[in-house]
Amino acid sequence: MSLRLTVAEDAVLLREGLVGLLRRFGHEVVAAVGDADALVAAVRAERPDLVVTDVRMPPSHGDDGLRAAVLLREEFPGLPVLVLSQYVERSYALRLLDSGGGAGVGYLLKERVGKVADFTSAIERVAAGGTVVDPEVITQLVRLQRDPLERLSPREREVLGLLAEGRSNGNIAAHLFLSEAAVNKHIGNIFAKLDLPVDTEGHRRVLAVLAFLRA
């Protein structure tokens, strides 16, 4: 899958590193910018297939990148956006993950970029309309509100983290060296303990988790 991408990151070395990595995997970076205003202008001009953006950047050095991502998702419904951050900004993170019915959106911590296979896989999933959320983002969102995950066993927490990455039941089974039947049972237990619907699939399972966090 070759994509036209816009990259927004105010740290020059990281921005250039992202551009180089994306090009190495066959993607075209149509714009690489260092502030939120330039991001909005670049997307309006280039209409990329996907946006990769940092959270903190000029002009205010607050959560400008995340705010710009929310704005762009409202202006261009269906625009895939993958946010990279060193921390979790709760209010706008949930707005972003809610936008567009949750399709074509992701929120990863920057350390995930170092795991190249995970990062490139996340880009492809988001571009294809999937939802990808870093397990640590889920954990931090939970801690900011309350800790319902105390209801889960250690193994169920592992499975929930992999669900948040958008993985299939078969992929989770292979990753944890479990049978798919065992994974199905763990997922049923998770959804029951967190009062989530059992009949959701794919990225909608992530949305169910996020809906619980907002409750």
Side-chain angles (χ1 to χ4, degrees), residues 1-12 14-19 21-23 25 27-110 112-113 119-134 137-138 140-141 164-166 202-204 206-207 210-211 213-214:
M1 181 187 296
S2 179
L3 301 168
R4 298 175 67 255
L5 306 175
T6 293
V7 174
E9 166 61 57
D10 64 325
V12 176
L14 180 54
R15 182 169 70 240
E16 293 304 312
L18 285 170
V19 170
L21 177 63
L22 293 168
R23 286 175 175 164
F25 280 86
H27 302 304
E28 178 187 1
V29 178
V30 296
V33 300
D35 64 75
D37 293 340
L39 168 60
V40 172
V43 170
R44 287 171 176 168
E46 299 291 346
R47 301 294 179 89
D49 298 318
L50 183 141
V51 170
V52 179
T53 182
D54 188 12
V55 170
R56 282 191 170 179
M57 61 174 61
S60 76
H61 296 281
D63 57 0
D64 300 65
L66 191 52
R67 289 171 182 261
V70 171
L71 170 67
L72 289 168
R73 292 269 291 177
E74 293 172 351
E75 186 171 337
F76 302 103
L79 173 68
V81 172
L82 177 61
V83 169
L84 302 176
S85 180
Q86 291 180 328
Y87 72 106
V88 178
E89 172 57 45
R90 175 179 155 71
S91 60
Y92 272 85
L94 291 175
R95 278 189 62 185
L96 176 71
L97 294 166
D98 263 342
S99 63
V105 65
Y107 197 124
L108 297 180
L109 297 184
K110 284 186 175 179
R112 186 73 60 175
V113 179
F119 177 58
T120 56
S121 175
I123 285 176
E124 292 175 0
R125 289 181 191 171
V126 171
T131 305
V132 178
V133 185
D134 196 298
V137 172
I138 292 289
Q140 290 189 38
L141 286 172
E165 294 180 14
H203 75 271
R204 287 177 294 177
V206 181
L207 300 181
L210 295 171
L213 296 175
R214 290 189 298 273

Would you give the length of the straight line joining atom [atom1] of [X] to atom [atom2] of [Y], rounded to the nearest 0.5 angstrom?
X: L22; Y: I123; atom1: CG; atom2: CD1; result: 4.5 Å
X: L18; Y: T53; atom1: CG; atom2: OG1; result: 10.5 Å
X: T120; Y: R125; atom1: OG1; atom2: CZ; result: 10.0 Å

Shortest non-hydrogen contact between P58 and G34, atoms and distance: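 Residues P58 and G34, closest heavy atoms: CD-O, 3.3 Å.
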Shortest non-hydrogen contact from A36 toward G65: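 Residues A36 and G65, closest heavy atoms: CB-N, 4.3 Å.
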Full working for side chain to side chain contact (heavy atoms under 4.5 Å, CB included) between V83 and L108: CA-CA 6 Å; V83 169; L108 297 180; over 6 Å; no
Verdict with reasoning, K110 to L14, per side chain to side chain contact (heavy atoms under 4.5 Å, CB included): CA-CA 10 Å; K110 284 186 175 179; L14 180 54; 3.8 Å; yes
Residues in side-chain hydrogen bond (donor to acceptor under 3.5 Å, both in side chains) contact with R67, at least two apart in sequence or another chain: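 Checked R67 against side-chain hydrogen bond (donor to acceptor under 3.5 Å, both in side chains); matches are D63, Y92.
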Verdict with supporting geometry, Y107 and T131, side chain to side chain contact (heavy atoms under 4.5 Å, CB included): CA-CA 9 Å; Y107 197 124; T131 305; over 6 Å; no
Those residues that, when tested against [X], pass salt bridge (charged side-chain N to carboxylate O under 4.0 Å, His left out) (two or more places apart):
X: R4; value: E46
X: R44; value: E75
X: E28; value: none

With E9, the side-chain contact (heavy atoms from CB on, under 4.5 Å) member among D35, V19, D54, V52: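 Going through D35, V19, D54, V52 one by one, the side-chain contact (heavy atoms from CB on, under 4.5 Å) with E9 is satisfied by D54 alone.
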T6 and its side-chain contact (heavy atoms from CB on, under 4.5 Å) partner, picked from L39, V29, L79: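 In the set L39, V29, L79, the residue that makes a side-chain contact (heavy atoms from CB on, under 4.5 Å) with T6 is L39.
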When you compare the side chain of [Y] with that of [X], does any pair of heavy atoms fall below 4.5 Å?
X: P48; Y: V43; value: yes
X: R73; Y: L96; value: yes
X: P59; Y: D37; value: yes
X: V81; Y: L72; value: no
X: F119; Y: L82; value: yes

Set of side-chain contact (heavy atoms from CB on, under 4.5 Å) partners for P77, sequence neighbours left out: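 For P77 there are no side-chain contact (heavy atoms from CB on, under 4.5 Å) partners, ignoring immediate neighbours.
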side-chain contact (heavy atoms from CB on, under 4.5 Å) partners for A45, two or more places apart: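 Residues passing side-chain contact (heavy atoms from CB on, under 4.5 Å) with A45: none at all.
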H27 side chain to L3 backbone, donor-acceptor under 3.5 Å: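 A pair under 3.5 Å: yes.
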